[in-house]
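One structure below.
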Amino acid sequence: MRLSRGLVPTLKETPAEAQITSHRLMLRAGLVRQTSAGIYAWLPLGYRVLRNIERIVREEQDAAGAQELLMPTIQPAELWRESGRYEDYGKEMLRIRDRHEREMLYGPTNEEMITDLMRQSVKSYRELPQILYHIQWKFRDEVRPRFGVMRGREFLMKDAYSFDLDYAGAVVSYRKMMLAYMRTFQRLGLKAIPMVADTGPIGGDLSHEFIILAPTGESQVYYNAAFEEIDYSSDAFSHASAEDLQRFFGLMTSQYAATDEKHDIDAWGKVAPDRRREGRGIEVGHIFYFGTKYSEPMGFRVAGPDGKPAAAEMGSYGIGVSRLVGAVIEASHDADGIVWPDSVAPFKAALLNLKRGDAACDAICEDVCARLGADHVLYDDRDERAGVKFADADLMGHPWQIVVGPRGAANGRVELKRRAGGQREELSVEDALARVG
Ligand code: ATP
Ligand code: MG
């Protein structure tokens, strides 16, 4: 992509409306623009990041055996009346009437709709278990949308739903999702810690929030450093083995981790002082077992092995895909801008032509573009001073910067900078490209 012909409106000044780092950097780096309170347009760079996160989320859901589908954003009110949530949901729900005065709503979540889809077609225990997910926009009319995409009104969520014949099966589904989540967050370069959350009237211990540390988090959290040292991608844990999943769940629940509301001073006191991690936390995901809360009132029953119908055991599993863009920035930035992890960066490399019109500089840049491919390099071919290009490249945070100046170019050499850490090296074009990969 060529910056001179791209919609990447970087800002030098810090926008006054942004209170937290990620929001400031997302506006300054030209990733998003607000179109109404809590509603954002994703500009080309931001959209690339969003899609990268979505891809990683999707790959890990698929690896856990979940099936992707796509449910609509607009839902009929009747479904929500069946579960009893139409009234309960209150003002956070955006209610709409169509031209026939039918009551509709913009979905804040999809338990009712997925239960309806399942009950239409699934009749026997032989068709279970199933986990289904979609990655779809949600609308919640939050009282106080703030912090940019972290608490928006319209936001992108991955929401999965599990259906099992019995509690034992539901537990296995829950653990699969927990493993998928830890793998997802690790690939995003985040240290997200599962913390027991309130299960409400259902009880039990099967609800976890996944929380990352960031100074602007909404709650105080405490956990044992052990969580940061586990390699969740390890094949010591397989989705296919109930024993592995149990061992994994044991590992996740045996070390101290708690939010403010659940904090236990005595248990915390037993964690070695140098192993204690505490700070403000941001919730990036939430998983929940809720039994027959929806299947029972909505009449989703399957015939069991004994022929008797039983309401399916369900769970739901959310990840804030758009919130994660902000969360990754909160976790990875410095004074100059964003420092994208390789896995989510909009482009692998920024290419800085310090002297447009210089035959050697132009030729090297065209060559680098052709060889890396338009999908992997953002070519700063603007008519700007070198200082502006350096500052913008740091701000936008691509993992690599390939700097092409007239002196080096004359000898076929470029400067390669790693954004994280800032190391620079003068290399041949070949070596620089090999490094960028
Ligand atoms: P919160 O306590 O932050 O309001 P929630 O408990 O309402 O979250 P869930 O219904 O569990 O959230 O939604 C799943 C995920 O969707 C959350 O973990 C979060 O990452 C994301 N999410 C929820 N509300 C918003 C929002 N207003 N803007 C952006 N992402 C959100
Ligand atoms: Mg909420």
Side-chain angles (χ1 to χ4, degrees), residues 20 22-23 26 32 34 36-40 42 46 49-50 53-54 56-57 61 73 80 83 85 88-94 106-114 133-162 174 177-178 180-182 184-185 188 190 192-200 202 206-214 216-221 259-262 280-290 293-294 314-331:
I20 65 169
S22 58
H23 189 194
M26 287 182 75
V32 291
Q34 181 171 286
S36 318
I39 303 180
Y40 290 83
W42 293 80
V49 177
L50 188 68
I53 293 178
E54 200 181 313
I56 291 172
V57 168
Q61 290 292 298
T73 54
W80 289 68
S83 70
R85 281 209 292 183
D88 292 356
Y89 220 93
K91 291 197 160 175
E92 265 195 28
M93 180 186 278
L94 179 64
Y106 194 118
T109 177
N110 284 66
E111 281 83 1
E112 284 80 358
M113 184 167 278
I114 191 80
Y133 75 98
H134 72 163
I135 299 174
Q136 178 62 291
W137 295 92
K138 304 289 185 287
F139 193 92
R140 294 183 186 173
D141 206 348
E142 302 273 354
V143 195
R144 220 147 60 93
R146 60 194 177 134
F147 301 156
V149 300
M150 297 283 242
R151 183 165 297 286
R153 294 199 297 163
E154 189 185 57
F155 59 97
L156 188 61
M157 196 202 285
K158 184 286 300 178
D159 39 326
Y161 304 89
S162 66
Y174 186 90
M177 282 293 119
M178 185 180 253
Y181 275 39
M182 297 310 284
T184 302
F185 297 129
L188 298 174
L190 294 174
I193 316 299
M195 301 193 182
V196 176
D198 273 326
T199 45
I202 290 149
L206 286 185
S207 178
H208 286 85
E209 292 173 344
F210 296 79
I211 295 189
I212 64 155
L213 286 188
T216 47
E218 293 181 298
S219 56
Q220 185 72 16
V221 300
T259 59
D260 240 355
E261 303 101 64
K262 301 261 172 186
R280 307 299 294 174
I282 296 174
E283 178 193 320
V284 288
H286 194 169
I287 61 177
F288 209 98
Y289 160 76
F290 46 70
K293 183 175 175 194
Y294 300 93
M314 293 175 57
S316 75
Y317 313 89
I319 289 185
V321 177
S322 51
R323 177 179 287 185
L324 275 169
V325 179
V328 168
I329 296 173
E330 289 292 329

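By convention here, the first residue in the shown sequence is residue 1. Read the numbers this way: they start at 1 and go in the same order the structure lists the ligands and their atoms.
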Discussion item. For a ring-ring contact (aromatic ring centres under 6.0 Å, His included) check, start with the C-alpha distance between Y89 and W80, then their side-chain angles and the critical distance, and finish with the verdict.
Written reply: CA-CA 9 Å; Y89 220 93; W80 289 68; 5.6 Å; yes
Worksheet item: In chain order, what residues pass the salt bridge (charged side-chain N to carboxylate O under 4.0 Å, His left out) check against E218, with sequence neighbours excluded?
Response: R146, R151
Worksheet item: With backbone taken as N, CA, C and O and side chain as the heavy atoms from C-beta onward, which portion of R140 lies under 4.0 Å from ligand 1: side chain, backbone, both, or neither?
Response: side chain
Response to the item:
Within the 4.0 Å heavy-atom cut-off, what V149 brings close to ligand 1 is backbone
Discussion item. According to salt bridge (charged side-chain N to carboxylate O under 4.0 Å, His left out), who are the partners of D198, at least two apart in sequence or on a separate chain?
Written reply: K262
Item to complete: State if M150 counts as touching ligand 1 under the rule of any non-hydrogen atom under 4.0 Å.
Response: yes
Discussion item. Tell me if the centroids of the rings in F210 and Y181 come within less than 6.0 Å of each other.
Written reply: yes
Fill in: Structural part of E142 in contact with ligand 1, heavy atom criterion under 4.0 angstrom
side chain
Worksheet item: Backbone or side chain, does any N or O of S322 fall under 3.5 Å from an N or O of ligand 1?
Response: no
Discussion item. Please confirm whether V284 approaches ligand 1 to less than 4.0 Å, judged on its heavy atoms.
Written reply: yes
Worksheet item: Is ligand 1 under 4.0 Å from a heavy atom in the side chain of M157, in the backbone, in both, or in neither?
Response: side chain
Discussion item. Do M26 and Y40 have side chains that approach each other closer than 4.5 Å (heavy atoms only, starting at C-beta)?
Written reply: no
Discussion item. Donor-acceptor pair, distance only, cut-off 3.5 Å: does the side chain of K138 make one with the backbone of R153?
Written reply: no
Worksheet item: Do any nitrogen or oxygen atoms of R151 lie less than 3.5 angstrom from nitrogen or oxygen atoms of ligand 1?
Response: yes
